[in-house]
Amino acid sequence: MRMKIVVTTILGCLILTTAAAQEGDGRIRVLLAGDSTVQDADHQRTPDWGWGQVLSRFFDDGVEVVNIAAGGRSTRTFIEEGRWDSLINLTRAGDYVFIQFGHNDPKEGNKYASPADYRRNLERFVDDARARGATPVLVTPVTRRRFDDEGNVPFTHGDYPGVVRDVAEAKNVPLADLKTKSRRILMEHGEEGSKRIYLHLAPGENPIRPDGLEDNTHFSEYGAMLMAGVIADFIRSEGLTPLADHLREPRR
């Protein structure tokens, strides 16, 4: 019961803080559904950054980013906690809805969504967004930082990125292949240089994690900017107009 109260409170705050977005101010809106690699991280509690947190830096003032992503969520828990309903209730015609899950869906326990359930959930997201007159965009989960003995980065997340691609093809949905692009970025940076992309903190470097940290899933601000840049490049190359018309050199 206590957990339900906490979740309800969070969602209530979310609705209140984004209520103004429902009224409309003429700006194009990008709504984000996802996990911790996308979310607006609270820097009073954690040093990591989600790529959705910095995405607005790539647009002019004609675009508003509404980030509903939340750490630790799978497609299953995003639905069960009412987060997807909160997002879709905010969605209006002309919006873009970017959807990236897959880090937590394979995990055993209450987050788990089988590949078949994962597919059904993604299909629901696509259908619901289109029913509101929005453009859904599917995003494959970003690669974790892992190097093998030969200096290569193995693909991660098992069957789940393939499911995203299959749904995108079957539903004729734009697909941002962040998995492949992020792997390429890791390879370009190399095993040592890629530590800068993720949360590799020395003891005493950050007061939130005074003992240091080696995290190969969550991003530094630099890493978040790289991943958001991939999304911006995708929007441009895919010709997602009118959204693409508002891209600009990113603010740092």
Quick one, His189 and Ile197 - any side-chain contact, counting heavy atoms below 4.5 Å?
yes

If only atom types and distance count, is the side chain of Arg124 paired as donor or acceptor with the main-chain N or O of Arg119 below 3.5 Å?
no

For residues Trp51 and Phe219, establish whether the separation of their ring centroids is below 6.0 Å.
no

Is a side-chain donor or acceptor of Arg183 paired with a backbone partner of Val153 at a separation under 3.5 angstrom?
yes

Using a 3.5 Å distance criterion without hydrogens, assess whether the side chain of Arg132 forms a donor-acceptor pair with backbone atoms of Thr91.
yes

Might you confirm whether atom CZ of Arg236 has over 12 heavy atoms from other residues, nucleotides or ligands at distances under 6.0 Å?
yes

Below 4.5 Å, heavy atoms only, C-beta onward: do Asp177 and Phe234 meet side chain to side chain?
no

State plainly whether one hydrophobic cluster holds both Val65 and Leu178, where clusters connect Ile, Leu, Val, Met, Phe, Trp and Tyr through side-chain heavy atoms under 4.5 angstrom apart.
yes

Test your reading of the model: is there a side-chain donor-acceptor pair from Thr143 to the backbone of Lys179, 3.5 Å cut-off?
yes

For the pair Lys181 and Asp233, find out whether any cationic side-chain nitrogen is under 4.0 Å from an anionic carboxylate oxygen.
no

Gln100 and Thr37: side chain donor to acceptor below 3.5 Å
yes

Flag yes if Ile235 and Ile185 sit in one hydrophobic cluster, no otherwise; membership is Ile, Leu, Val, Met, Phe, Trp, Tyr, and two members link when side-chain heavy atoms are under 4.5 Å apart.
yes

Take Asp40 and Leu32 through the side-chain contact (heavy atoms from CB on, under 4.5 Å) test and state the conclusion after the steps.
CA-CA 10 Å; Asp40 288 347; Leu32 305 178; over 6 Å; no

Give the cluster check for Phe125 versus Val139: same hydrophobic cluster or not, with ILVMFWY residues linked at side-chain heavy-atom distances below 4.5 Å.
no

One should read off an interatomic distance between Lys107 NZ and Asn110 CG, to the nearest 0.5 angstrom, of 11.0 Å

So Ser36 and His218, side chain to side chain donor-acceptor pair (under 3.5 Å) or not? Walk me through it.
CA-CA 7 Å; Ser36 58; His218 301 100; 2.8 Å; yes

Can Phe147 be reached from Leu226 by stepping across I, L, V, M, F, W or Y side chains whose heavy atoms are under 4.5 Å apart?
yes

Val173 vs Val167, test: side-chain contact (heavy atoms from CB on, under 4.5 Å). Steps then yes/no.
CA-CA 8 Å; Val173 177; Val167 173; 5.7 Å; no

Tell me, do Pro210 and Pro203 make a side-chain contact under 4.5 Å, heavy atoms counted?
no

Between Lys111 and Asp117, does any side-chain N to carboxylate O distance fall below 4.0 Å?
no

Does a sphere of radius 6.0 Å around CG in Asp61 hold more than 12 heavy atoms from other residues, nucleotides or ligands, not counting ones at 6.0 Å or beyond?
no

Thr156 and Arg144: side-chain donor and acceptor closer than 3.5 Å?
no

Atom pair CG (Asp95) and OG1 (Thr135), whose distance is rounded to the nearest 0.5 Å
9.0 Å

Separation between CG (Leu31) and CD (Glu64), nearest 0.5 Å, reads 8.0 Å

Give the C-alpha distance, both sets of side-chain angles, the deciding distance and a yes or no for side-chain contact (heavy atoms from CB on, under 4.5 Å) between Arg29 and Val63.
CA-CA 6 Å; Arg29 295 193 311 167; Val63 172; over 6 Å; no

Using distance alone, with no hydrogens and no angle criterion, decide if Asn216 and His200 have a side-chain donor and acceptor under 3.5 Å apart.
yes

Flag this pair as yes if the NZ/CZ of Arg196 is under 6.0 angstrom from the six-membered ring centre of Tyr222 and inside a 45 degree cone about the axis; otherwise no.
yes

Going by the side chain to side chain contact (heavy atoms under 4.5 Å, CB included) test, name the single residue among Ile88, Val30, Leu87 that passes it with Val97.
Leu87

Between Phe101 and Tyr118, does the ring centroid distance fall short of 6.0 Å?
no

Got a donor-acceptor contact below 3.5 angstrom from the Asn152 side chain to the Asp148 backbone?
no

Is the side chain of Arg73 donor-acceptor paired with the backbone N or O of Asp105 at a distance under 3.5 Å, no angle test?
no

I need the Asn121 CG to Ser74 OG distance, nearest 0.5 Å.
8.0 Å

Using modelled atom types and a 3.5 Å cut-off, is there a donor and acceptor pairing between side-chain atoms of Ser220 and backbone atoms of Leu199?
no

What I want to find out is whether Arg248 reaches Asp60 closely enough, with some N-O distance under 4.0 Å, to be called a salt bridge.
no

Is there side-chain contact between Phe58 and Arg251, with at least one heavy-atom pair below 4.5 Å?
no

Using a strict cut-off of less than 4.0 Å between a Lys/Arg side-chain nitrogen and an Asp/Glu carboxylate oxygen, indicate whether Glu80 and Arg76 qualify as a salt bridge.
yes

Measure the acute angle between the ring planes of His103 and His157, then classify it against the limits of 30° and 60° as parallel, tilted or perpendicular.
perpendicular

Is the number of heavy atoms from other residues, nucleotides or ligands under 6.0 Å of Arg57 CZ greater than 12?
yes

Distance col, row Asp166:CG vs Leu122:CG, nearest 0.5 angstrom, shows 10.5 Å

Pro47 versus Leu201, closest heavy-atom pair with distance:
CG-CD1, 3.9 Å

Do Tyr96 and Val66 land in one hydrophobic cluster if side-chain heavy atoms of ILVMFWY residues count as linked below 4.5 Å?
no

I'd like to check Asp215 versus Asp48 (side-chain heavy atoms, cut-off strictly below 4.5 Å). Are they in contact?
no

Answer yes or no: is there an ion pair linking Lys171 with Glu123, defined by an N-O contact shorter than 4.0 Å?
no

Side chains of Ile28 and Pro242: closer than 4.5 Å at any heavy-atom pair?
yes

Measuring from Trp84:CH2 to Ile68:CD1, what's the distance to the nearest 0.5 Å?
10.0 Å

Thr46 side chain to His43 backbone, donor-acceptor under 3.5 Å
no

Run Leu175 and Thr140 through side-chain contact (heavy atoms from CB on, under 4.5 Å) and show every step you take.
CA-CA 8 Å; Leu175 174 68; Thr140 53; 4.1 Å; yes

Check the surroundings of atom CD in Glu238: do more than 12 heavy atoms from other residues, nucleotides or ligands lie under 6.0 Å from it?
yes

